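Structure first, commentary second.
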Amino acid sequence: MSAAPATVGTFSIRTRCGRRPIPSFRCSLAGGVTTVPILTELKMKCATPLPLLQRIADAMASDMRAGLAADNGSDLKMILSYVDSLPTGNEKGLFYALDLGGTNFRVVRVQLGGKQNKVVDSEFEQVSIPQELMQGTTEELFNFIASKLANFAAKESGKFQLPKGRTREIGFTFSFPIKQTSINSGILIKWTKGFAVLGTAGKDVVACLKEAMQRQGLDMSVSALVNDAVATLAGAKYWDDDVLIAVILGTGTNACYIERKDAIPKLQWPAGGTRNMIISTEWGAFTTDLPLTEFDKDMDSESINPGEQIFEKTISGMYLGEIVRRVLLKMASFSSLFGDSIPEKLLIPLVLRTRDQERRLDLLRTPDLCAMQQDDTKDLSKVEEILSNTIGETRSTLKARRIVVDVCDTIVKRGGRLAGAGIVGILQKMEQDSKGLISGKRTVVAMDGGLYEHYPQYRNYLKDAVAELLGAEVSKNIVIEHTKDGSGIGAALLAAANSKYASEFQI
């Protein structure tokens, strides 16, 4: 191949949806061209020094206040959860939860035994949502969910007992932006996390589920509508009263915390009730001072929600692999990362647009990045295997594999440290507006989500950023604790706390 300047162009490749152009890079691969300039610039653009993290934390706290003052007051929706009654431990009986927050959903049942026995028993099933339903109609999606819930309820064994005279109640965890109107109703603002279901925006999602359950002949009522962060907070606080914040880091991301009602100017609330309410920040929409690269901007412009959820697109599991893919594609195109050819699969973006729908194609997934970063073999054989299985690269050199790991680390380090800065922003807001009431006290941040649970490098980068920002003396009081499957149990607990039978389990 003769040497020629690298140019940007369009590849036309055959996919399962037919031959179509894929915007990408075209080059003639001249000898001696290296990845060093691309990698150096990437590291510079993704850098998260302490001053930048502090600006992000300050901006997060400022946006939180603005979002509490008025709807649309900032990028953060600061959604009122209407959860001001948290589980006390007195709750008894059988309660269900439906947890819809990403490409899978869970159905859960929990037997509660009051103060002495707490959670007596629990069972759950996880169901994958077919890709076509994520881009289908409201009725199709909710019919599918209700049918799986009905199947699960039909397998209820004798160790789960519904007290006589009660109907089954469910806590519905719905982890997409909604306008909450009561503890058991909420209007969908928009879909995120790759969902683009037709006809749901502007509808009460509880009504959508109720209608689908009725079509299935399922006699169940929704007593609490929450998102996964709110449910995680409730579930964690059931066991540890020092929990004040919950963060989800999985396919998508969100954070919530306990706020004083008198610090919520936009709250129109009748007299009485408790003094606090859980607020869902919807921090995925945060944008201020984020260190973005050309790869982030290109991915965003080609996503199904361009210009939205920018923080989510830099820190959550759905997008990390896609950013890495785009970096590797440029390296392969301009600097011969994989020799004199570009693996065809490396050209395929996360979202493949077709005439009828948009379809997610996860070629380099977050678990792949994690596995490559944890490869401690001399020749990085695990990296070689993953590159072969994901992008079809079977002839990578050791040098190329090291560069791939370096790219993964750069993107993951940025994501973890930005998430840490977000947590510190919430802590700052709570501390400043509570006049020091939490200062010096043990404060627990409950974490859930596969990204945090299964990616140790990401988890360590997050914790390091929190410690750097707060300093040794303050950070020793901040406990970041994994709460596995907290949102499922938490939703069932909130269903119990807000049950129409609640008076029956007061002591």
Side-chain angles (χ1 to χ4, degrees), residues 17 77 79 97-107 126-149 172-180 186-209 211-212 225-231 248-254 280 282-285 299-322 349-363 365-366 448-451 487-488 491:
C17 301
K77 295 291 186 185
I79 293 173
L98 169 63
D99 187 351
L100 174 63
T103 52
N104 303 302
F105 70 87
R106 285 181 299 164
V107 285
Q126 184 159 298
V127 181
S128 294
I129 301 175
Q131 189 67 44
E132 60 270 19
L133 293 184
M134 293 173 63
Q135 318 290 335
T137 67
T138 301
E139 188 170 303
E140 289 170 341
L141 176 63
F142 280 91
N143 280 349
F144 177 78
I145 292 169
S147 69
K148 298 301 181 183
L149 176 59
F172 184 16
T173 302
F174 185 80
S175 302
F176 301 90
I178 59 171
K179 171 71 173 177
Q180 194 99 16
I187 307 300
L188 177 67
I189 297 170
K190 62 183 177 183
W191 289 104
T192 55
K193 307 176 191 177
F195 280 74
V197 178
L198 299 174
T200 323
K203 288 186 176 180
D204 181 351
V205 294
V206 172
C208 293
L209 177 61
E211 291 165 6
L225 171 67
V226 294
N227 65 36
D228 51 356
V230 173
I248 304 297
L249 281 166
T251 303
T253 184
N254 192 20
S280 176
E282 301 298 323
W283 77 354
M299 179 184 71
D300 174 55
S301 68
E302 295 175 24
S303 70
I304 62 175
N305 56 346
E308 301 177 359
Q309 300 298 109
I310 304 302
F311 193 50
E312 181 170 82
K313 287 172 181 172
T314 56
I315 74 170
S316 77
M318 179 173 174
Y319 301 98
L320 298 180
E322 172 63 2
L350 173 69
V351 175
L352 180 64
R353 288 179 169 84
T354 70
R355 187 166 56 186
D356 302 318
Q357 64 179 358
E358 292 177 315
R359 184 160 59 92
R360 289 184 61 224
L361 296 170
D362 290 306
L363 296 177
R365 301 171 304 118
T366 305
D448 198 9
L451 178 59
S487 61

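All heavy atoms count here, side chains included; hydrogens, waters and symmetry mates do not. All figures in this text were calculated on a predicted structure; none of them were measured in a lab. The chain is numbered in sequence order, starting from 1.
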Indicate the atoms forming the closest heavy-atom contact of [X] with [Y], along with that distance.
{"X": "Glu282", "Y": "Asn227", "result": "OE2-ND2, 3.5 Å"}
{"X": "Gly199", "Y": "Thr138", "result": "C-OG1, 3.2 Å"}
{"X": "Leu188", "Y": "Ile178", "result": "CA-CG2, 3.8 Å"}
{"X": "Thr173", "Y": "Ala491", "result": "OG1-CB, 3.0 Å"}
{"X": "Ile129", "Y": "Met134", "result": "CG2-CG, 3.9 Å"}
{"X": "Glu302", "Y": "Pro349", "result": "OE1-CB, 4.5 Å"}

Next item on the list: Output, in order, the C-alpha distance, side-chain angles, deciding distance and verdict of side-chain contact (heavy atoms from CB on, under 4.5 Å) for Gln309 and Lys190.
Entry: CA-CA 11 Å; Gln309 300 298 109; Lys190 62 183 177 183; 3.9 Å; yes
Does [X] reach the main-chain N or O of [Y] with its side chain, forming a donor-acceptor pair under 3.5 Å?
{"X": "Asp204", "Y": "Gly186", "result": "yes"}
{"X": "Glu312", "Y": "Gly252", "result": "no"}
{"X": "Asp300", "Y": "Gly307", "result": "yes"}
{"X": "Glu140", "Y": "Glu132", "result": "no"}

Check: If you count the non-hydrogen atoms of other residues, nucleotides and ligands that lie under 6.0 Å from NZ in Lys179, is the total more than 12?
Finding: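 Check fails, neighbour count at 12 or below.
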Item checked: Check: Gln180 and Leu225 side chains under 4.5 Å, non-hydrogen atoms -> yes
Next item on the list: Could you check if a side-chain atom of Leu100 sits within less than 4.5 angstrom of a side-chain atom of Phe176, using non-hydrogen atoms only?
Entry: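 They are in contact (side-chain heavy atoms under 4.5 Å apart), so the answer is yes.
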Next item on the list: Determine the interplanar angle of the Phe174 and Phe142 rings, folded into 0 to 90°, and report it as parallel if under 30°, tilted if 30 to 60°, perpendicular if over 60°.
Entry: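 Taking Phe142 first and then Phe174, their aromatic rings lie parallel (interplane angle under 30°).
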Next item on the list: Pick out which of Glu308, Glu322, Lys313 makes a side chain to side chain donor-acceptor pair (under 3.5 Å) with Ser303.
Entry: Lys313
Next item on the list: Check step by step if side-chain contact (heavy atoms from CB on, under 4.5 Å) holds for Leu320 and Leu451.
Entry: CA-CA 10 Å; Leu320 298 180; Leu451 178 59; 4.0 Å; yes
Next item on the list: Apply the test side-chain contact (heavy atoms from CB on, under 4.5 Å) to residues Ile79 and Ile189: give CA-CA distance (whole Å), side-chain angles for both, the deciding distance (0.1 Å), then the verdict.
Entry: CA-CA 11 Å; Ile79 293 173; Ile189 297 170; 4.3 Å; yes
Note to self: Let me confirm one number: the CG-CG distance from Leu209 to Leu141, rounded to the nearest 0.5 Å.
What the structure shows: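 Between Leu209 CG and Leu141 CG, I get 10.0 Å after rounding to 0.5 Å.
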Check: Can you check side-chain contact (heavy atoms from CB on, under 4.5 Å) on Asp228 and Asp448, steps first, answer last?
Finding: CA-CA 9 Å; Asp228 51 356; Asp448 198 9; over 6 Å; no
